[in-house]
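Just the heavy atoms: all of them, side chains too, but no hydrogens, waters or symmetry mates, feed the values below. Letters A, B, ... mirror the listed sequences (proteins, then strands); counts begin at 1.
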There are 2 protein chains.
Amino acid sequence: MIRLENLTRVYHMGDVDVHALRGVNLEVGSGELVSIMGPSGSGKSTLMNIIGCLDKPTGGQYYLDDTPVAQLNDDDLAEIRNRKIGFVFQSYNLLARTSAIENVEIPMIYAGVSPSVRHARAKAALENVGLADRLHHRPNELSGGQQQRVAIARSLINEPTIILADEPTGNLDTQTGKEIITLFQQLNRDRGITVMFVTHDADIAACTRRILRLRDGAIVGEEKVDEP
Amino acid sequence: MIRLENLTRVYHMGDVDVHALRGVNLEVGSGELVSIMGPSGSGKSTLMNIIGCLDKPTGGQYYLDDTPVAQLNDDDLAEIRNRKIGFVFQSYNLLARTSAIENVEIPMIYAGVSPSVRHARAKAALENVGLADRLHHRPNELSGGQQQRVAIARSLINEPTIILADEPTGNLDTQTGKEIITLFQQLNRDRGITVMFVTHDADIAACTRRILRLRDGAIVGEEKVDEP
Ligand SMILES: Nc1ncnc2c1ncn2[C@@H]1O[C@H](COP(=O)(O)OP(=O)(O)OP(=O)(O)O)[C@@H](O)[C@H]1O
Ligand SMILES: Nc1ncnc2c1ncn2[C@@H]1O[C@H](COP(=O)(O)OP(=O)(O)OP(=O)(O)O)[C@@H](O)[C@H]1O
Ligand SMILES: [Mg+2]
Ligand SMILES: [Mg+2]
């Protein structure tokens with residue numbers, strides 16, 4: 001499903017090169033539930049952005065369902081990002097002048113869903129993350145954890161087959177964080193959705209079946225989690 | 001030092017009122033080390049913004065060093081925000097087109113510090129949070145946790161007597177998070193700085209001496225932490 005071969009990502013800054021990813025090799029099968037842990041700055045978001053087709057590697061290959069992503073054109077990539085992959089950004093990336101419900105509707109506009117269906121689905125998605133009474137608040141009228149949950153609802157709205165979540169519970173209290181992870185577990189178990197998320201929380205990682213550890217741009221370890 | 005009496009904060013949204021804070025009573029003495037916990041949306045950031053003189057309450061009184069804050073003019077408030085209080089925002093609020101070191105220098109520009117002194121202090125502050133090799137990166141060239149640490153360095157740069165940090169370790173791995181909390185503990189212990197931070201992490205709250213619990217805009221509980 002997701003195959004990375006010797007993936008590298010270098011940021012060139014004048015005469016300094018930042019090696020954010022150094023030869024990452026990884027296979028994630030369809031329907032897996034994987035977490036990624038590692039120190040701040042170790043390359044987790046960089047890795048997620050490449051898997052999510054938001055960024056291109058400097059070297060190496062990325063195969064998505066056996067298709068080399070490097071060969072896809074911009075339209076194909078846009079389609080993948082809109083339909084196949086649901087992405088929760090570490091800094092949410094919500095539209096500022098737009099209410100919670102409108103933010104969640106946006107991916108459906110691109111997918112050509114009718115207004116009444118969009119509205120109903122967005123409402124349900126926000127109810128699912130505990131924001132039934134915040135539909136019309138704009139991001140600056142929401143708490144940090146509420147913004148995070150709008151971003152989560154938005155990522156799920158086109159029923160993607162892959163969910164990539166970059167620290168989805170960083171701004172949530174333990175209880176609300178558990179509810180979000182339970183939601184991801186359900187989607188993985190009931191619909192076979194492939195779920196990968198970055199977390200700094202070992203308790204949350206323990207809710208997945210496979211934990212990858214990143215350090216200085218490379219995968220340095222991996223553990224299987226026994227059935228909890 | 002900080003005294004809140006029956007503090008309320010209501011957001012008016014058309015015909016709906018959001019009661020973000022409902023009659024908060026609180027005294028925090030000089031030199032205390034306090035954490036605030038509570039569910040997402042319970043009013044923690046709203047409380048911190050009022051204490052930090054970034055927002056005004058709808059009702060009740062806020063006394064800062066026995067001065068009623070409601071009576072201060074804009075210049076006094078700006079002075080307090082720049083010199084007395086160091087604030088770490090939940091979403092960092094870094095300037096986008098500005099490097100890490102320049103972001104940290106900005107409060108010193110307002111305080112009239114000379115360029116060479118500013119540069120040296122900003123460099124040292126960033127080294128203190130592990131960012132010695134990221135001085136010239138702009139926020140979008142930094143990881144989430146690195147941005148958070150720039151915000152932390154900036155909050156400390158004018159040697160405030162009060163530090164207010166809104167979820168300062170939310171995007172940090174456990175090790176880096178501990179280093180930041182240790183830094184706050186040192187400032188509290190060695191320089192008597194009053195430190196209050198919001199956290200969702202019980203292990204981090206356990207590093208403070210007093211834990212306030214917020215729920216639905218009110219303080220519902222408090223615990224003293226025995227010497228760890
Ligand atoms: N556009 C960029 N230009 C230069 N360097 C960058 C850029 N983006 C990221 N970096 C650097 O690449 C490294 C990896 O960044 P990344 O955001 O992947 O880290 P991370 O593991 O997600 O960290 P965190 O846990 O703090 O979010 C960091 O050291 C960062 O400073
Ligand atoms: N400008 C605003 N207009 C209307 N409602 C608002 C506004 N700002 C915040 N709120 C609401 O006030 C409540 C308290 O928000 P606050 O940001 O203080 O929560 P919090 O405890 O910091 O949450 P989190 O842990 O998610 O950061 C939330 O329910 C939020 O939706
Ligand atoms: Mg990151
Ligand atoms: Mg908050």
Side-chain angles (χ1 to χ4, degrees), chain A residues 11-16 18 20 36-46 48-49 89-92 94 99 129-131 133-149 166-167 169-177 179-180 198-203 205 213-215, chain B residues 11-14 16 18 20 36-49 89-92 94 99 129-131 133-149 166-167 169-177 179-180 198-203 205 213-215:
Chain A
Y11 294 107
H12 302 289
M13 304 188 70
D15 53 350
V16 172
V18 176
I36 301 172
M37 297 188 79
S40 173
S42 55
K44 305 178 298 295
S45 295
T46 303
M48 294 287 270
N49 288 341
F89 293 87
Q90 189 167 2
S91 53
Y92 323 146
L94 300 177
S99 71
V129 294
L131 294 177
D133 55 357
R134 291 288 182 273
L135 303 181
H136 305 294
H137 286 230
R138 292 193 304 269
N140 68 348
E141 296 168 334
L142 292 169
S143 77
Q146 291 168 344
Q147 293 173 34
Q148 191 158 36
R149 285 181 273 160
D166 198 344
E167 299 190 36
T169 63
N171 274 302
L172 299 175
D173 55 280
T174 311
Q175 178 57 34
T176 314
E179 290 167 17
I180 292 302
V198 173
T199 183
H200 284 311
D201 190 324
D203 294 334
R213 298 197 183 272
L214 218 64
R215 178 175 288 277
Chain B
Y11 294 109
H12 303 287
M13 303 187 71
V16 172
V18 177
I36 302 172
M37 299 188 79
S40 173
S42 54
K44 307 179 297 296
S45 295
T46 303
L47 179 62
M48 294 288 270
N49 288 341
F89 293 87
Q90 189 168 1
S91 53
Y92 323 146
L94 301 177
S99 71
V129 294
L131 293 178
D133 55 357
R134 290 289 182 272
L135 303 181
H136 305 295
H137 286 232
R138 293 192 304 268
N140 69 347
E141 296 168 335
L142 293 170
S143 78
Q146 290 167 345
Q147 293 174 35
Q148 191 158 36
R149 284 181 274 162
D166 197 346
E167 299 189 37
T169 63
N171 274 303
L172 299 175
D173 55 279
T174 311
Q175 178 57 34
T176 315
E179 290 166 18
I180 292 302
V198 173
T199 182
H200 284 311
D201 189 324
D203 294 335
R213 297 196 184 273
L214 218 65
R215 178 175 288 279

| request: Using non-hydrogen atoms and a 4.5 Å limit, figure out which bit of A:E141 sits close to chain B: side chain, backbone, both or neither. | output: side chain

| query | Which one, B:H136, B:K44, B:R134, B:H137, leads in non-hydrogen pairs under 4.5 Å with chain A? | reply | B:H137

| query | So B:R149 and A:S40, side-chain contact (heavy atoms from CB on, under 4.5 Å) or not? Walk me through it. | reply | CA-CA 10 Å; B:R149 284 181 274 162; A:S40 173; 2.7 Å; yes

| query | Looking at CD of A:Q90 and CD of B:Q148, how far apart are the two atoms once the value is rounded to the nearest 0.5 Å? | reply | 9.0 Å

| said: Which one wins on heavy-atom pair count under 4.5 Å against chain A: B:N171, B:T199, B:T176? | reply: B:N171

| remark: Pair count under 4.5 Å, heavy atoms only, with chain B: among A:P39, A:S45, A:G14, highest is A:P39

| message | Using every non-hydrogen atom in the two residues, find where A:D173 and B:H200 come nearest and quote the distance to one decimal. | response | CA-ND1, 3.2 Å

| message | Please classify the contact between B:Q175 and chain A as side chain, backbone, both or neither, with a heavy-atom cut-off of under 4.5 Å. | response | neither

| query | Which atoms of A:V198 come close to chain B, meaning under 4.5 Å heavy atom to heavy atom: side chain ones, backbone ones, both, or neither? | reply | neither

